[in-house]
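This report refers to the structure that appears directly beneath it.
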Amino acid sequence: MKKRILTGDRPSGRLHLGHFVGSLANRVKLQEEYEQFILIADVQALTDNFSNPQIVADSVRELVLDYVASGIDPQKSTIVVQSKIPAIAELTVFYMNLVSLNRVLRNPTVKTEIEQKGFGESVPAGFAMYPVSQAADITAFDADLVPVGDDQLPMIEQTREIVRKFNSLYGTVLKEPEALMSDFPRLVGLDGKSKMSKSLNNCIYLADRAEEVEKKVMSMYTDPSRLKPTDAGTVEGNPVFVYHDAFNPNKEEVEDLKNRYRMGQVGDVEVKQKLVLAINNFLEPMRIRRSELEKNPQKIDAILKEGVEKGNKVSEEILSKVKTAMKINYTFK
Ligand code: ATP
Ligand code: MG
C-alpha cells in the first residue's frame, strides 16, 4: 500500500512562482509515489483573515485552478476543503486538552509568525492554536508523512507530541507522522528581496498573462551598481539570473548571457527579453491546463465534491476511533 502524505495551503490569494518551486513542483512529483491529500486550509486561513473572509472564500476555487495548472492531477491527489471536514474541528477541540498554552506559544514557527504579522499583545487565541489544528489535519487523514522544510519541523514535532500524549492516555489509536524533509528552494522576489511573497507585492503569479510577465520582468531589479551595458555586472544573487537558472531550460543561452554580463557585453534588455520568453514558455502549459478547467467550472466543483467526500470518509473513521478511545462515542437509542 502507498504511504499517505498530507500537504496544503491557506487560501488567501493566488499562487506564485515561489510557491511553485518551493512546494508545488515537489507535490507534482510526490503524487506519483504517494497517496497525496492536499488540504485547502480555509479555516486556518481565517485565523489571520477573519476580518476579510471574502479573500478566503474567493481563493478556494482559485487554488484548485492553480493546482491543476501546476500539474496536480485530481485523479492522483485528493483535494480537500478543510471547513467541509467537521472531524478536523472536533479533533482540534479534543487535542487542545493535550497541549499546554505555554507549549503552543513557545512553538518557534508560531513565535516567528506572531512577530511577522505584528500581532503584539493581541494574538488571536485561534491563531496561537493553529499548531493544534494542524495536528488535527494530519491525524484526521491518518497521514504517514508530511513534506516540510526545516522551518516547519516544529509543527510536526508538536503533532507527534500530541499523538504520543493521546495514545498514552487513551490507547494507541493515532499514527505518529514523520516529516518528509525536503530542501525547499526559496525563490527571490522581482525586487531582489530574499523572498517572492504576496504581501511584498514582488510576485509573478502562475495565472499571470504573457503581457503581465513581460511588464514585470522588464521592470525587474538587476545589479544596482551597473549603470551602462558596458559595465561589468554581477551575476551571483542577481534575480534576473536566479530566474534564468530556475526557468530557462536553455543552459547554453544562460551561460552565454552570464559570461557577457560579467564582461559588460550585454544589456539588461536582452537578458530580460530572453527571460520573458523563458518564463512564458514555462507558464504556457499551465495556462493551457488552467483555461481548459476555467471553461468547465462544474469540473472544479466536482473535484472539490469528490475530495471532500473522500476526506470525510477517512476522517470520520479516525474520529470515531478517537471518540471510542475517549469514551464519548455514545449511542442513544
Ligand atoms: P504571505 O505574503 O501572505 O505570507 P506568501 O506569498 O509569502 O504569502 P505563504 O502563504 O506565506 O506565501 O507561503 C506558503 C508556503 O509556500 C511557504 O511555507 C513555502 O513553502 C512556500 N513559499 C512561499 N513563498 C515562497 C518562495 N518565495 N520561495 C519558495 N517557497 C515559497
Ligand atoms: Mg509568507
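Order of listing sets the numbers, starting from 1, for every ligand and every atom in it. Note that the structure is a prediction, hence the values are computed from the model and not measured. Sequence positions, counted from 1, serve as the residue numbers for this chain.
- Residue M196 approaches ligand 1 through these ligand atoms, each under 4.0 Å from one of its heavy atoms: 24 (N), 25 (C), 26 (C), 27 (N).
- Atom numbering of ligand 1 starts at 1 in the shown order; those under 4.0 Å from a heavy atom of R186 are 25 (C), 26 (C), 28 (N), 29 (C), 30 (N), 31 (C).
- Here the rule is side chain to side chain contact (heavy atoms under 4.5 Å, CB included) with Q36, and of Q31, R4, K2 only Q31 fits it.
- The option from E113, Q152, H19 that lies nearest to atom 22 (N) of ligand 1, judged by heavy atoms, is H19.
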Please test D42 against Q44 for side chain to side chain donor-acceptor pair (under 3.5 Å), starting from the C-alpha separation and ending with a verdict. CA-CA 5 Å; D42 59 341; Q44 200 189 307; over 6 Å; no
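- Within the structure, the closest approach of C203 to ligand 1 does not fall below 4.0 Å when heavy atoms are considered.
- Distances between N or O atoms of G18 and those of ligand 1 include at least one value under 3.5 Å.
- Between the side chains of D268 and Y261, at least one donor N or O lies within less than 3.5 Å of an accepting N or O.
- For the residues K193, K195, K198, the heavy atom positioned nearest atom 11 (O) of ligand 1 is part of K195.
- Put simply, part of H16 is less than 4.0 Å from ligand 1, judged by heavy atoms.
- Partner I72 forms a side chain to side chain contact (heavy atoms under 4.5 Å, CB included) with one of I38, D66, I303 and no other, that one being I38.
- Side chains of D137 and Q82: a donor on one and an acceptor on the other come within 3.5 Å.
- Taking the salt bridge (Lys or Arg N to Asp or Glu O under 4.0 Å) definition, one finds that D150 meets it with nothing, sequence neighbours left out.
- Atoms of ligand 1 lying under 4.0 Å from at least one heavy atom of S199, given by number and element, are 1 (P), 2 (O).
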